[in-house]
Amino acid sequence: MESRKQPPWTPPSHPSTSTSTPLPVPPLTVWNSLTRSKTPFVPIDPAGRKVTWYACGPTVYDDAHLGHARNYMSTDILRRIMRDYFGFDVRFVMNITDVDDKIIIRGRQQYLFKQYLDEHPVVTRGVLQSATVAYGFYIRENLSLLDPGTEPGWFAERVEDVYGVVLRGGTLDMEGKKPGDAEAKIRMHINTLIPAASMIADVTSYFAAQSEDVDELGGSITSDDFYNATREVYLPYIDSLKGSSVPADAYDIFTKLARKYENHFMKDMRGLNVLDPDEITRVTEYGQEIADFVEKIVANQFGYVTPDGSVYFDIDQFEKAGNHYARLEPWNRNNQPLQRDGEGALTKAVQKKSPDDFALWKASRPGEPAWPSPWGPGRPGWHIECSAMASSRLGSQIDVHSGGVDLAFPHHDNELAQSEAYWSSSQQWVNYFLHMGHLSIQGSKMSKSLKNFVTVRDALDRGDWTPRGLRIVFLLGGWRDGVEISDELVKASSSWEDKLTNFFIKAKDVASRDSSQTVEFSLSGALEVAQDRVHEHFCDSFNTPKVMASISDLVSVFNTHDIRSLDPTAVDAAARWVTRIVTILGLNGVALPDSAGIGWEGTDIPDAAKPFIYPLSAMRDSLRRVAKSDTPITSNQLQRIIDESTVTVDISDTGRSYADALDSFRSRISLLKVGVASTSKEILSLSDKLRDVDLFNLGIYLEDREDMPALVRPVTRDMIQTREELVQQAKEKQEEKGKQDSLVRGRLEKGKIRPLDMFKTTEFSAWDKDGLPTKDAAGEPVNKSRSKKLRKEWERQKKAHEAWIVANA
C-alpha cells in the first residue's frame, strides 16, 4: 500500500485526561449562534483538552417523539465527533425539566381526571351533561371561529364549513402562505374533538331512546369507551373547575408524572444509541441553588420583586450596566408571542417595569407546587433553572451550550443575560451556542404541544425506522439545518446505508484473500483522498453531509473495480477506516471507534450459523460447478461432495435451524438419480431454492459469482424489499392472467349461443332464415337503421359461436 501523507492534524486514538501536555488544537471551526458565523473552536482549558458542555434536556410530560430524536441524536453526533475524532475530553451535562407550567398542568389534569373517574366510574346522564359542557368549553378555548354551542352530532359537518381550508392543508388567511404552527394547532384540536363529539352524540342518542329511569350507559358502548374518547376534552375543563384545589405541597402529583416520562426518555435515547450524559441535573433537586441564584441577581441590582412575590429580570438595568440583551436573536427582542410562550401558560399579568422583563421566580398560585423562598412560596422561572444548574456544575464559563433552535430566543438569550448578571464579571458565560435544526412535518415543526408527532417508541416498534436509518437521515441533512422527512430523503438514507453494508460485506471478503496475488489496482490513493476530505469537512463545523458524500465516493471507487483485481491490504485499510468513521458517527451500535474489525452490525451472518452455512455453501458451489460442466456427474463425485460437507460440531439451540438447512439439502441431493439427463437441471433447481427460499428465510443469502465461490452474506433490507416487489409483481401478473382468462372464458361462453337463436325473444315477432328480426313485438317491420345494427351484432355472434365450437371440439 502506498504511504499516506499525514493530515495537518492527526486525531488521537483516545482523549487524554492529562493536562500536563497541551493538546494540538485542530483547525476546527463551528457555527456559533452567538456570533452567527463560523468561528475557530478554542477551549477555555489552557491545555486545550477539556471541554465543558451543557445541553438543554427535555421537559418530561409525555413520550419523546422523532423531533426529540432529531435534537438529541444530532447533539450526540457532534459530541462523539468532538470526543472520538478530535480527542477532546468532553464533560457533558444535561438537565431534565421536571417541573414547569406544562408538567404542572398535565400532572394536575391527570390527577383531577383520575379523581373524577373514581367518583363517576359509570357514565350517567349527569356525566354526559358534564362531557357536553366540557366539549363546548374546549371549542370556546381553542377554535374561536366555531360556535361553542355546535351540536356534537353536527360537529364534523360544521368544522368542515369553518375550517375546511385548514383541514385540506391550507392557511387561515388564505393568502397562499405555507401552513405553520397555527394551522397545526387547529388540526390538533379538531382531531381531539372529532372522537369526543361522535361519542357524546352516540351516548346522547342512547339515553334519548331510553326511559327516564335509565341512568346508566348500556348497550355496545362501555364507560371505558366513553372516557377514552372524551378524555382530552375533559382534562382542561376539569382543571378549570378544580385546578386551584390541588395542594401546593403535593409534589408527588407532578414528580410522579415527570419521573415516568424521564425513564421513558432515557430508554428511548439509549434505543437510538444516544450516549448518556456524564451528569443529569433535575430542577426539583436544585430548588435552593436556584433561589440563591435569583437572590444574587437581585443583590446585583439586575432583578426586582413584584407585589405578588415574583421576581423579574430587569433588562433595562442590565443594559445600562453596559451589557447587551438578546444577543442570539436580537430581531426577536420585541416578539411578544415568543416572550409569552417563554413565560409559560400559567404566568399571569403582574406589575413589571417593562413588558420585556422575564420571570426569574414565580409566586405560586393555588393549585401550583411551591417551595419556600425569601419572597414567599414560589417556583423557578423556566430560564433560571438552566442558568443555576449549569453554573453550579460547570462554573462561571462554559465552552458549549446546545439545544433546539427554538430555544435560542427567549430561553437561551434569557439564560445568557441572567447568568452574566449573576456572575457580574467581564467574562462571557458561554463561548459557543450550538442550535439543532427542527424536524418538520408538512411545514410545521414536530412538537408535543401540536400533537403532530410520532413517538420514538412507536417508530422503532413498528419498524418505521431503525436507530441507524434515522441517524443517517440526520447526518445527510446537517445538524443546524431544518429537516423535513420526504420520500427522497428516506430513499437517499436507505441507499447510503445499503451501499455501505454491501461495501463492508465485500471488503471483508477481499481482505481475507491471499495478498500475494497479482494486484491491478490499489485503493490507497482513493483512501488518502477520502481521509483528507473527511478531516476537512469535520473541521468545517461538523459538515456531516459532505463527510457522508466523501465516504460514499470512496465506496464508489471500490465498486467500479473487479474485486479480484484489488489489493487486499489496501481494501482492509480502507474498510477499517470507514468502520472507524461510521462508529464515531454513532452508526455502529455500542462499538468503540478503535474496536477491531470491519463493518457494522448486519454485515455478517450469526456466529451460530457459520459452522453449518459455510460447509453448505461450499457444497452448493461444488455441485453447481459440476452441474454446469459438460461431464455428467458420477455417483462417486456426488458422494464425495456430500461427505465433504459433513459437520461434527455440537448443535446449539440457536444453531438448530441452520443445521437443519444443511441436513435437508444433503438429503435432497443424496436422493438424486445419477446418470440421467435431468440430474444437472435438478441440482441447479435445488441450489436456487436453497438460496432464494430456505436460506433467505433464515436471513442469509448466497450471492453467486462467476468463477468464484458464492459470497455468504446476511439478507439486507433492500433484498427483502426487492423480493417483496417481485412477489407482488408475480401476484399482479397472476391476477391479470386470471382476469384475461376470465374474459376469454366469458367471451367463449357468450359464443355458446347460436346466431340463429340470439334474437328469438319477445322483443321481436318475426325472423328471417338466419334468425335476424324482421318485425318487432307489435308486428311492425324493423326499420333499416336498426336492421343494420342487428346485422352487425349477428355477425359478431357468428364469429364468437364459431370460436366456441373450435374450443369445445
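Predicted, not measured: the structure shown is a model, and the values here were computed from it. One is the number of the first residue; the rest follow in order along the sequence.
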- Does the side chain of Q531 come under 3.5 Å of the side chain of H535 through a donor N or O and an acceptor N or O? no
- For the ring pair F504 and W600, is the centre-to-centre distance below 6.0 Å? yes
- Query: Quick one: do the N414 and H383 side chains pair a donor with an acceptor below 3.5 Å?
  - Reply: yes
- Query: Are Y72 and F265 near enough that their ring centres are under 6.0 Å apart?
  - Reply: yes
- Query: Would you call R259-E262 a salt bridge at under 4.0 Å N-O?
  - Reply: yes
- Message: Check this for me, if you would: do K546 and D553 make a salt bridge, where the nitrogen-to-carboxylate-oxygen distance has to be below 4.0 angstrom?
- Response: no
- May I have the step-by-step check of side chain to side chain contact (heavy atoms under 4.5 Å, CB included) for L34 and N32, ending in yes or no? CA-CA 5 Å; L34 198 57; N32 187 356; 3.3 Å; yes
- Query: How long is the span from the CG atom in D509 to the OG atom in S512, to the nearest 0.5 Å?
  - Reply: 5.0 Å
- Query: Atom CE of M94 and atom CZ of R393: how far apart are they, to the nearest 0.5 Å?
  - Reply: 14.5 Å
- Message: We want to know whether T284 and D98 form a side-chain donor-acceptor pair, criterion being a heavy-atom distance below 3.5 angstrom.
- Response: yes
- Message: Counting the benzene-type ring for Trp, do Y261 and H264 have ring centres under 6.0 Å apart?
- Response: yes
- Query: Between E329 and W331, is there a donor-acceptor pair closer than 3.5 Å when you use the side chain of the first and the backbone of the second?
  - Reply: no
- Under 3.5 Å, side chain of S494 to main-chain N/O of V490, donor-acceptor pair present? yes
- Tell me yes or no: between the side chains of W53 and T75, is some donor less than 3.5 Å from an acceptor? no
- Item | Heavy-atom closest contact (D604 atom, P714 atom, distance) | N-CG, 3.8 Å
- Query: Just by distance, do the side chain of R468 and the backbone of E601 share a donor-acceptor pair under 3.5 Å?
  - Reply: yes
- Between the main-chain N or O of P593 and the side-chain N or O of T583, is there a donor-acceptor pair closer than 3.5 Å? no
- Item | Criterion salt bridge (Lys or Arg N to Asp or Glu O under 4.0 Å) on D540 and K38, from CA distance to verdict | CA-CA 8 Å; D540 183 20; K38 291 179 184 177; 2.7 Å; yes
- Query: Any salt bridge between K610 and D607, counting N to O under 4.0 Å?
  - Reply: yes
- Is S74 reaching over with its side chain to a backbone N or O of N71, donor-acceptor style, under 3.5 angstrom? no
- Task: Taking all heavy atoms of L470 and all of A69, pick out the closest pair and write down the distance.
- Result: CD2-CB, 3.9 Å
- Query: So do the side chains of P330 and R36 get within less than 4.5 Å of each other, counting heavy atoms only?
  - Reply: yes
- Message: Could you check whether S387 and Q418, counting side-chain N and O atoms only, form a donor-acceptor pair closer than 3.5 Å?
- Response: yes
- Yes or no on side chain to side chain contact (heavy atoms under 4.5 Å, CB included) for W577 and L527, after CA distance, side-chain angles and deciding distance? CA-CA 9 Å; W577 176 79; L527 173 59; 3.7 Å; yes
- Item | Gap separating the CD1 atom of I96 from the CE atom of M266, nearest 0.5 angstrom | 6.5 Å
- Query: Quick check: does any side chain N or O of T722 sit under 3.5 Å from a backbone N or O of D718, one acting as donor and the other as acceptor?
  - Reply: yes
- Task: For the pair T560 (side chain) and V557 (backbone), establish whether a donor and an acceptor sit closer than 3.5 Å, ignoring hydrogens and angles.
- Result: yes
- Task: Taking only Lys NZ, Arg NE, NH1 and NH2, and the carboxylate oxygens of Asp or Glu, determine whether R282 and E285 approach each other closer than 4.0 Å.
- Result: yes
- Query: Would you say the side-chain atoms of T29 pair up with the backbone N or O of T39, donor to acceptor, closer than 3.5 Å?
  - Reply: no
- Beyond-backbone contact of I581 with I551, side-chain heavy atoms, under 4.5 angstrom: yes
- Query: Does the side chain of E484 pick up a donor-acceptor pair with the side chain of H438 at under 3.5 Å?
  - Reply: no
- Hey, what's the ring geometry for F538 with Y85, parallel, tilted or perpendicular (30° and 60° as the breaks)? tilted
- OG of S541 to CG of L434, rounded to nearest 0.5 Å, is 7.5 Å
- Relative to the ring of F433, is the ring of H401 parallel (under 30°), tilted (30 to 60°) or perpendicular (over 60°)? parallel
- Query: Which word best sums up how the rings of F41 and F88 line up, parallel for under 30°, tilted for 30 to 60°, or perpendicular for over 60°?
  - Reply: perpendicular
- Would you check if D45 and D399 make a side-chain contact, meaning some heavy-atom pair closer than 4.5 Å? no
- For T603, does its backbone N or O pair with a side-chain atom of K508 as donor and acceptor, under 3.5 Å? yes
- Query: Would you find a donor on one side and an acceptor on the other, under 3.5 Å apart, between the side chain of S595 and the backbone of A591?
  - Reply: no
- Taking 4.0 angstrom as the limit, do R327 and D413 come out as a salt bridge? no
- Flag the pair I700 / R713 as yes when at least one side-chain heavy-atom distance between them is below 4.5 Å, and no otherwise. no
- Message: Which label fits F542 and F86: parallel for a plane angle under 30°, tilted from 30 to 60°, or perpendicular past 60°?
- Response: perpendicular
- Is there a side chain to side chain contact (heavy atoms under 4.5 Å, CB included) between E385 and E289 once you walk through the steps? CA-CA 9 Å; E385 64 185 49; E289 286 92 333; over 6 Å; no
- Distance-minimising heavy-atom pair for S33 and H435: OG-ND1, 2.7 Å
- Query: Any luck finding a side-chain donor-acceptor pair between K102 and T97 under 3.5 Å?
  - Reply: no
- Query: Any side-chain heavy atom of L585 sitting closer than 4.5 Å to one from L587?
  - Reply: yes
- Query: When rounded to the nearest 0.5 angstrom, what distance separates CG in L328 from CZ in F409?
  - Reply: 10.0 Å
- Taking all non-hydrogen atoms of both residues, which atom of R70 and which atom of G478 are closest, and how far apart? NH2-O, 2.9 Å
- With a 4.0 Å cut-off, would you call R564 and D562 a salt bridge? yes
- Will you find, in the side chains of D63 and T455, an N or O donor that is under 3.5 Å from an N or O acceptor? no
- Between CG of L460 and OG1 of T466, what distance do you get to the nearest 0.5 Å? 8.0 Å
- Closest non-hydrogen atom pair between F92 and A55, with its separation: CZ-CB, 3.5 Å
- Message: Looking at D268 and R457, is there a salt bridge between them, counting it only when a charged N and a carboxylate O are closer than 4.0 Å?
- Response: yes
- Message: Is any side-chain heavy atom of P380 closer than 4.5 Å to one of V283?
- Response: yes
- So, R80 and D76, do they make that salt bridge, N to O below 4.0 Å? yes
- Task: Inspect the contact between R91 and D278 and indicate whether a charged nitrogen and a carboxylate oxygen are less than 4.0 angstrom apart.
- Result: no
- Side-chain heavy-atom pair S493, L476 within 4.5 angstrom cut-off: yes
- Quick one: do R79 and D84 make a salt bridge, cutoff under 4.0 Å? no
- Item | Pairwise side-chain contact, F558 with K506, heavy-atom cut-off 4.5 Å (strictly under) | yes
- Query: Is there a salt bridge (Lys or Arg N to Asp or Glu O under 4.0 Å) between D487 and K491 once you walk through the steps?
  - Reply: CA-CA 6 Å; D487 291 341; K491 184 177 180 181; over 6 Å; no
- With side chain to side chain contact (heavy atoms under 4.5 Å, CB included) as the test, would you mind laying out the steps for T59 and Y61 before giving the verdict? CA-CA 6 Å; T59 300; Y61 67 97; 3.9 Å; yes
